Structure formats: structure tokens, C-alpha cells
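Data block below; observations after.
Every chain is numbered from 1, with letters handed out A, B, ... down the list of sequences. Computed over heavy atoms, backbone and side chain alike; hydrogens, waters and symmetry mates excluded. Not measured: the values here are computed from a predicted model.
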Protein chains: 2
Amino acid sequence: MPNNQFKRGELYSFITGKASTAIGRRLQKNFKEANVEITIEQWSVLYHLWKQDGLSQQQLCDATFRDKPSITRLVDNLEKLKLVKRVASKDDRRMNMIYLTNEAQVLQEKTMGLANQTLNEALGGVTIEEIEIAKMVLQKVYDNLS
Amino acid sequence: MPNNQFKRGELYSFITGKASTAIGRRLQKNFKEANVEITIEQWSVLYHLWKQDGLSQQQLCDATFRDKPSITRLVDNLEKLKLVKRVASKDDRRMNMIYLTNEAQVLQEKTMGLANQTLNEALGGVTIEEIEIAKMVLQKVYDNLS
DNA sequence: TTTATATAGTTGTTTAAACAACTATATGCC
DNA sequence: GGCATATAGTTGTTTAAACAACTATATAAA
């Protein structure tokens with residue numbers, strides 16, 4: 001039982017909590033100070049639309065690792081903020097394609113700078129190699145459970 | 001700018017999302033299949049009380065990296081489930097000391113087994129050394145932002 | 001063609017996170 | 001002692017996650 005050499009509950013709380021909530025809180029705080037009035041969850045959806053506009057809600061589910069109801073409501077809220085709009089697909093009328101508004105495109109540069117700054121703050125004193133290993137571990141955890 | 005060699009948004013979603021939600025979902029599912037009717041957030045509070053009973057709410061905040069309102073409500077719900085009880089401290093009447101009920105103590109062995117099993121599933125194919133590095137990275141992220 | 005099944009998205013409900021504003025008790029200083 | 005300040009906990013509000021149940025459209029099989 002080689003894996004029994006560390007405290008499992010501790011690792012559990014590391015993976016599920018500490019770092020994740022700390023980085024989320026800091027990014028939210030950095031947004032607030034720059035008068036960016038969106039949540040980090042909303043930002044994580046916009047992030048994928050900035051990479052590729054016009055994704056379906058299902059594609060956003062896959063990209064953000066959320067379920068469909070979660071994306072429905074995040075898109076609802078982004079639509080209320082006039083940052084995206086739903087456009088029914090002509091090919092497949094079940095699908096909503098989600099498009100960024102001009103307003104959302106203006107947010108991109110501003111928030112990407114803040115996200116980079118936040119990650120620089122977060123990753124101080126950590127080497128690239130260590131980051132790569134951490135990414136790999138988290139990816140394997142995800143793959144093992146999916 | 002050595003840290004610019006990876007995609008920051010991707011790392012962000014690794015740290016804040018994927019692995020964390022996957023492991024939480026799996027643990028919740030394992031609880032459900034064993035007819036353990038608590039949430040993983042409630043479990044994470046019980047976990048610290050099993051290590052040391054009679055913690056104050058503030059101590060639970062520190063242990064679980066949650067804020068005070070979050071702990072107030074988690075303790076509310078655990079009290080409704082008759083798993084803990086609040087006892088006003090005699091030394092300092094501002095404090096509630098949180099004690100496990102017998103019912104909660106019965107849960108310990110059962111759920112610790114499920115948590116270990118979940119972590120074994122999650123960490124398949126990852127070495128101890130890699131786990132230690134991942135823990136260290138997440139700890140540094142937390143420390144950098146706290 | 002109609003019937004079954006899969007897929008895309010929505011709605012309802014419970015639980016929790018984050019933040020601000022609040023009450024109550026304790027402590028330190030004059 | 002009395003006042004300022006710090007600490008412990010609660011309440012209100014918004015946003016989101018998870019899950020089940022649901023509607024609507026598309027696809028495949030009989």
C-alpha cells in the first residue's frame with residue numbers, strides 16, 4: 001500500500017479546497033479592484049468563448065467541466081449582463097450557439113491581464129517543472145475518475 | 001518571464017476546477033452508494049472533528065479554509081442531521097464548541113474507508129514523489145495568496 | 001412511418017461559497 | 001470604570017454546483 005504514506009484527508013482538502021478557493025478568491029478580488037463586475041465562473045465561460053466564439057452550450061459543458069444545468073444558468077447570467085447572446089442553430093434546432101457581444105470582447109484583454117497577474121502571484125517560488133508535474137497529477141486524477 | 005511557457009487559463013481551470021470537482025463528485029457518489037447521506041462539505045467538517053472533537057467554529061474555519069458564515073451554515077446543517085451539537089464555551093461565552101454525537105462517531109470508520117478508496121481510485125498511476133510535488137505546489141499557491 | 005432512443009437544453013430543489021452588515025462578548029487602554 | 005477595538009458567531013443576499021425530472025428535436029431501427 002505505497003499510497004498510505006501520506007494523510008489522505010489532508011491531500012483531499014488540498015485537491016478539493018485550499019489552493020482552488022484561494023486562487024478563485026484572489027482573482028475575484030483583482031477583478032473587483034479593476035471594476036470588472038463578473039464572477040470567476042462567468043469569466044471561465046468567457047475564457048473559452050474568447051478562444052473560440054460560437055460554441056454550443058454542450059461544448060461549453062465539455063470545456064469547463066460543468067454539467068448542463070450549470071451552463072444554462074451561467075449563460076442566463078451572462079446574457080443578463082449582455083456579455084453573450086444565445087442564437088438557435090439552423091442546422092440543429094436543439095442547439096444554442098453562444099456568441100460574445102462587443103462588450104464581452106472589450107473585457108478580454110483587461111481580464112486576461114488580471115488572470116496572468118493572479119497566476120504570477122499564485123505561482124511565485126514554483127518552478128516550471130513542478131508546475132508541469134502538478135498539472136499532470138491533477139489531470140490524472142481527473143482522468144482516473146471520468 | 002519563465003512562467004509564460006504554459007497556457008495560464010488551462011492551468012487556472014486545472015487548479016480551480018477539474019480534479020477538484022471530479023474527486024468531490026466521486027466521493028459523493030461513493031457515499032451515496034453506501035447510503036451515507038451527507039455532503040462532502042459536511043464530511044470535511046466532520047473529518048476535522050474526528051481528529052479532534054470539541055473545536056470552536058473559528059477553529060473549523062481555519063482547518064477547512066472556509067469563512068465564518070460558511071461554517072455557521074455547515075454546522076447548522078450538521079446539527080439538523082444530529083451529527084454535531086453546539087455547546088457554548090464556559091470560558092468565553094462568544095464561542096461555540098462543536099461536539100460529535102454518537103451517530104457521527106459511527107460514521108467515521110465507514111466514511112474514512114470510502115475516502116481512502118476514492119483517493120486510491122483518484123491517484124492510480126501517480127507516484128508518491130509526484131503526489132508530494134503536487135501537494136507542495138498547491139500549498140505554495142495557497143501560501144502565496146494568503 | 002412510427003416507434004424507440006439519444007441528444008440539447010431547461011426548471012426545481014437543496015446545499016454551499018462569498019461578501020457585507022450585523023449582534024454579542026472579551027480585552028486593552030485611559 | 002468606561003470607551004475603543006478585536007474576536008466569535010449570525011443573518012441576508014447573490015451566485016453557483018449537483019442532481020433529478022422534464023421538454024423538444026434529431027436519429028436509427030422496425
Side-chain angles (χ1 to χ4, degrees), chain A residues 13 16-18 20-33 37-45 55-81 83-84 86-98 145, chain B residues 13 16-18 20-33 37-45 55-81 83-84 86-98 145:
Chain A
S13 65
T16 62
K18 288 172 70 152
S20 148
T21 56
I23 204 169
R25 258 195 294 253
R26 176 61 60 93
L27 185 54
Q28 188 75 70
K29 188 182 155 211
N30 288 349
F31 279 1
K32 197 166 190 181
E33 281 171 3
E37 299 293 342
I38 58 175
T39 68
I40 51 167
E41 289 83 7
Q42 291 164 358
W43 177 81
S44 77
V45 172
L55 295 174
S56 70
Q57 292 189 198
Q58 183 57 54
Q59 287 173 311
L60 286 173
C61 292
D62 297 338
T64 64
F65 306 97
R66 291 183 169 87
D67 67 1
K68 287 192 284 189
S70 297
I71 289 297
T72 293
R73 274 137 183 166
L74 282 170
V75 172
D76 286 348
N77 285 332
L78 287 169
E79 227 175 11
K80 277 181 207 155
L81 293 170
L83 294 172
V84 304
R86 285 180 167 96
V87 179
S89 165
K90 284 167 189 170
D91 299 340
D92 185 335
R93 294 197 308 175
R94 292 171 303 180
M95 288 201 290
N96 294 331
M97 313 311 283
I98 311 301
L145 299 181
Chain B
S13 64
T16 62
K18 287 173 72 153
S20 147
T21 57
I23 203 169
R25 258 195 294 255
R26 175 63 59 94
L27 185 54
Q28 189 74 72
K29 188 181 156 214
N30 288 349
F31 279 1
K32 198 167 190 179
E33 282 170 2
E37 299 293 342
I38 59 174
T39 68
I40 51 165
E41 289 82 8
Q42 291 164 359
W43 178 80
S44 77
V45 172
L55 295 173
S56 71
Q57 293 190 198
Q58 183 58 53
Q59 287 174 309
L60 286 173
C61 292
D62 297 338
T64 63
F65 307 98
R66 292 182 167 85
D67 67 1
K68 286 192 285 189
S70 297
I71 289 296
T72 292
R73 274 136 182 166
L74 282 170
V75 172
D76 285 349
N77 285 332
L78 286 169
E79 227 176 10
K80 277 182 206 155
L81 294 169
L83 293 172
V84 304
R86 285 180 167 96
V87 178
S89 165
K90 283 167 190 173
D91 299 340
D92 185 335
R93 293 197 308 174
R94 292 171 303 179
M95 289 201 289
N96 293 331
M97 312 311 283
I98 311 302
L145 300 180

B/Arg26 side chain reached by B/Ile23 side chain, heavy atoms, under 4.5 Å: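 Side chain of B/Ile23 against side chain of B/Arg26, heavy atoms only: no contact under 4.5 Å found.
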Test item: B/Glu41 and B/Val45 side chains (from C-beta on) under 4.5 Å apart, heavy atoms: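 The answer is no; the side chains never approach within 4.5 Å.
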A/Arg93 or A/Asp67, whichever maps to the more 5' nucleotide of DNA chain D: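 Its nearest nucleotide lies further toward 5', so the answer is A/Asp67.
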Given DNA chain D, 5'-ward residue of the pair B/Gln28 and A/Thr39, judged by closest heavy atom: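 With B/Gln28 and A/Thr39 compared, the 5'-side residue is A/Thr39.
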B/Gln57 versus B/Ile98, closest heavy-atom pair with distance: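 Residues B/Gln57 and B/Ile98, closest heavy atoms: CG-CD1, 3.9 Å.
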Closest-nucleotide ordering on DNA chain C, the 5'-leading residue of A/Met97 and B/Asp91: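 Its nearest nucleotide being more 5', the pick is A/Met97.
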Contact nearer the 5' end of DNA chain C, comparing B/Leu74 with A/Lys29: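 Comparing both residues, the 5'-ward one is B/Leu74.
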Test: A/Asp76 and A/Arg86 ion pair at under 4.0 Å: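 Yes, this pair counts.
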Considering every strand and a 4.0 Å limit on heavy-atom distances, what is the contact class for [X]: base, sugar-phosphate, or nothing?
X: B/Thr72; value: base
X: B/Asn77; value: sugar-phosphate
X: B/Arg73; value: base

Residue that, paired with A/Asp62, satisfies side chain to side chain donor-acceptor pair (under 3.5 Å) out of A/Arg66, A/Gln58, A/Gln59: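 It is A/Gln58, the one option of A/Arg66, A/Gln58, A/Gln59 that forms the side chain to side chain donor-acceptor pair (under 3.5 Å) with A/Asp62.
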Spacing of CD1 belonging to A/Ile38 relative to CZ belonging to A/Phe31, to within rounding of 0.5 Å: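 A/Ile38 atom CD1 to A/Phe31 atom CZ measures 5.0 Å (nearest 0.5 Å).
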Bounds of contact between DNA chain D and chain A, in 5' to 3' order, using a heavy-atom cut-off under 4.0 Å: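 Boundary nucleotides touching chain A, in 5' to 3' order, are D/dT15 to D/dA26.
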